[in-house]
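The structure under discussion appears below in the form of structure tokens.
Just so it is clear, the model here is predicted, and its values are computed rather than measured. Just so it is clear: chains get the letters A, B, ... in the order the sequence lines come, proteins before strands, and each one is counted from 1.
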Amino acid sequence: MDQKPTPPSPNQMNQSEAAPLEVFHASGDSPVDDPLLCDLTEPQMRAVLHEQGALLVLAAAGSGKTRVITRRIAHLITTGVAPWSVLALTFTNKAAGEMRDRVHHLLDPEGSGKSRLVRGLTITTFHSLCARLLRRYVEQAQIPGLTGDYTIYNSDDQSSVIKRVLKRLDLNGSNWPPASVRAVISDAKNQLIDAETYQAQAGDFYSKNLARVYEAYQAELRKANAVDFDDLLMLTARMLLQHEHIRAECQNRWEYLLVDEYQDTNHAQFLLANLIAGEGSPNICVVGDPDQSIYGWRGADITNILDFEKSYTGARVITLGENFRSTEPILAAADRLIRNNQQRRHKDLFTTTPGGGAVQVVLCQNEQHESDIVVDWFKAFTETESPLAWKEMAVFYRTNALSRSIEDAFRASGVPYVIARGTSFYEREEIRHALAYLRITANETDDAAFRRIVNVPTRGLGATSITRIENYAHKNNLSTFRAMRSIGQVPGLTARAVNSAQRFVELIDDLSGGGTFMGEQISGSLADLVQRVIQSSGLEKMYADRARIGKAESDLERPDNLAELISSAAQFEQEYVPENDPSLDVPVAEGRAEPPPLLVMLRAYLESVSLVADADMVDPERGAVTLMTLHAAKGLEFPAVAMIGLEEGILPHFRSRERIAALEEERRLCFVGITRAQRHLLITSARYRTMRGVQERTIASPFVDEISGPGVTFSDQADEVVSSPRRSSSYSGQSDPALVEFPVGTVVRHPRFGIGQVTWTSAGENAKARVRFSSVGEKTLILEYARLVRVGS
DNA sequence: CAACGACGCTCGAAA
DNA sequence: AGCGTCGTTG
């Protein structure tokens, strides 16, 4: 505190904020009278009351971590700390939103919404904070190639750039898989190693080539005025490191820093927090649990939390060990499991509320059987005297691919379910196309967006013409769209291509008002803009036509999805408050025009879309069972949890076998899953599982043995129905598919595509057939035997 | 230049 | 089972 005079005033605009705050502190000094403190345990209270200096809260699963953070924020503010000097960082929007809601509720129980006690309080994700800091300071920091209208490239855009770069550098296919190149670049960025540094360190042939790719990749991004997810963190951290005045502004503004899930921070995030916290004895409070560190593979560095006391000497450490979430058998199972990790400081888990039913472990025959067992188990809870609602149940799995059989079984038995995949909506083809139009409207140098939509719908610009334009653009160091503006200069184009290119430029210019976002035809409404983009780009017509012709489910949904995108923009617009954080507003430099409000809003919208997390989609109010990966489950809790696929190679995943550290991370992942369960836990392992279309014999996960002990009930049902390993509840009225054969010419029915004729079948164990369906325009699809029913021959 | 079918490759968790 | 790429055809 001595480092930072109060009240800090980040800029002139905020002077008025420094006025004394109304404080409704509890009467008297006794914590028992204070509603913010009276129901806390002793260690929780110590964490909330801790005021100056660094604080590490080691919060075991279910120990009231969020409660401590929110109470601490509320307590700081009610005791006179200015809300705008508090910064809390989380990993997902959902976590941030929940924290914000709870703090607001504590400080402003009436919900007047205008409480000055929350004014300027910043609770956000690492990535959002970086996106905003970068936008605000990018001009001052003078990062070459980057301006305030930068685009955030997603994984697809990254892949597309990497593929092109690999091609250009003549690094061919199998030796240079784009995915692993991307991983190398991502790792480097998480370590704050830029392309130049990487090159300097590169010794062998392989890394020297990687350095070339990294450099070229980065150059492409900058040419497009784009950053990737890792850049958000790396560039912001480096900016704070290198620019003292920017660092000082942030340090002065944020006196109190809180970081949630600290065990999952990577080096860039560590440095970011460290730089914002500042020198001396900063008020940095981090909360986390080393036993729940599950993001090592994306650069999370568990030593950040293990060595916190070394980084911040004199830091206070408070351990929250009491579990308020799970029944005793669940907690005991979790404890037995995690004890097997060698690289770990043991922490006692204890609950003061003993009792509770046994943890069920069921060995099943195959994934269909497994799904049936899960369905039956859940259904039983709805039929008890005090039934559980669907929304109180969840299924966790290691990989997304495992959700399929569960989905089939839920659908077949009428159990409502939702999959927590936040990005799924934005990954649909039609939405990606619409967003690409919006992106190029906001930033015409966005080459990834350009490539996606330049010929969608087809407008006579094929691969050949585009390559010619791209070559010209590359030679002249232009973005491809800008090159198109001087299409006459591009050699070798047909008259038709020139014409199409000109019309495309006109289209985009119409949408953006030639980049000004001004003019009569451009309204101030974001939803209107999205609507116009979808219409005048031709996407609307293209997908309407396709829905009329095609009968595939996905084609029928596309027009609706586009309409949904307009609604989402309208909703964003409604909730959008340009000045919701005045102190982070971009100060407009002399002689520089302020960007038009619609453009500012469009940028904010695209940014929010880019930073959606899977976990953000978890919405218990939807009255359905939630399906999600173990990673997405972190931080959540459900009365009844089913964890499926506890098999060698799945959990632990086969790619984790070589390294002990990776295996221990798999064990922590399993631990995270178990500790999400409040009252009921089912764990399943299938003896046979179909992977890549082939049914394979499995081995039960070693974690099953490690969990076993008092309070865990085993049930081996793997041999119950010996004759029918492919028993399926999903498609009734069907004979045992294992015994069915579909010779070429057989007429079959498929639940989705209807009647078709078999044109080819795979031999033996690959139970697949190619079937031609008239219902989808005589297309031939490869399908599982299990989904087909013979109707004649 | 566009559309489509055949074929071959890969195959993890994510902001 | 899904995806990208290649080759053929319209």
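Partners of A/Tyr217 under the ring pair (Phe, Tyr, Trp, His ring centres under 6.0 Å) rule, at least two apart in sequence or in another chain, do not exist in this structure. The ring pair (Phe, Tyr, Trp, His ring centres under 6.0 Å) check on A/Tyr543 picks up nothing, with sequence neighbours excluded. Considering only residues two or more places apart in sequence or on other chains, A/Phe450 meets the ring pair (Phe, Tyr, Trp, His ring centres under 6.0 Å) condition with A/Phe504. Residues meeting the ring pair (Phe, Tyr, Trp, His ring centres under 6.0 Å) test with A/Tyr262, sequence neighbours left out: A/Phe308. A/His653 is linked by a side chain to side chain contact (heavy atoms under 4.5 Å, CB included) to A/Arg398, A/Thr399, A/Arg655, A/Glu666, counting only residues two or more places apart in sequence or in another chain. Applying the side chain to side chain donor-acceptor pair (under 3.5 Å) criterion to A/Asp156, with sequence neighbours excluded, gives A/Arg432.
The NE2-C1' distance, from A/His631 to B/dA13, rounds to 4 Å in whole Å. We find that CZ of A/Arg451 is positioned 14 Å from P of C/dG4, with the value rounded to whole Å. Going from atom CZ of A/Arg182 over to atom P of B/dA15 covers 13 Å, rounded to whole Å. Across the protein-nucleic acid pair, A/Asn190 atom CG and B/dA14 atom P stand 16 Å apart, rounded to whole Å. Between A/Leu235 atom CG and B/dA15 atom P there is a gap of 20 Å when expressed in whole angstrom units. Rounded to whole Å, atom C1' of B/dG12 lies 13 Å from atom CD1 of A/Ile294. Regarding A/Arg298, its CZ atom lies at a distance of 17 Å from the P atom of B/dG12, rounded to whole Å. Atom CG of A/Leu627 and atom P of B/dA13 are 14 Å apart (whole Å).
A donor-acceptor pair under 3.5 Å is formed between the side chain of A/Asp157 and the backbone N or O of A/Asn154.
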Between N or O atoms, less than 3.5 Å apart, protein on one side and nucleotides 8-10 of chain C on the other: list the pairs.
none

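Here the nucleotide nearest the side chain of A/Asn455, chosen from B/dA2, B/dA15, B/dA13, is B/dA2. Residue A/Trp297 places its side chain closer to B/dA14 than to any other of B/dA14, B/dA15, B/dG12. Nearest nucleotide to the side chain of A/His653, out of B/dG12, B/dA15, C/dG2: B/dG12.
A/Asn154 comes within contact range of no nucleotide atom at all, as no heavy-atom separation falls under 4.0 Å. Base engagement by A/Glu666 is indicated by at least one non-hydrogen atom pair under 4.0 Å involving a base atom.
If A/Thr629 and A/Thr458 are placed on DNA chain B by their nearest nucleotide, the residue sitting closer to the 5' end is A/Thr458. Along DNA chain B, the nucleotide nearest to A/Thr494 and the one nearest to A/Ser656 differ in position, and the one closer to the 5' end is contacted by A/Thr494.
With hydrogens and angles left out, the side-chain atoms of A/Gln368 and A/Glu370 include no donor and acceptor closer than 3.5 Å.
The side chain to side chain donor-acceptor pair (under 3.5 Å) analysis of residues 452-469 of chain A, with sequence neighbours excluded, yields the pairs A/Tyr437-A/Arg459.
The phosphate of C/dA1 (OP1 or OP2) has a side-chain N or O of A/Arg404 nearer than 4.0 angstrom. A sub-4.0 Å separation between OP1 or OP2 of B/dA13 and a side-chain N or O of A/Asn400 is present.
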Would you sort out whether A/Gln158 and A/Lys163 count as a side-chain hydrogen bond (donor to acceptor under 3.5 Å, both in side chains), showing the intermediate values? CA-CA 9 Å; A/Gln158 292 180 46; A/Lys163 280 176 197 157; over 6 Å; no
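Interface residues of residues 460-472 of chain A facing DNA chain B, ordered by number: A/Gly460, A/Leu461, A/Gly462, A/Thr464, A/Ser465; criterion, heavy-atom separation under 4.0 Å.
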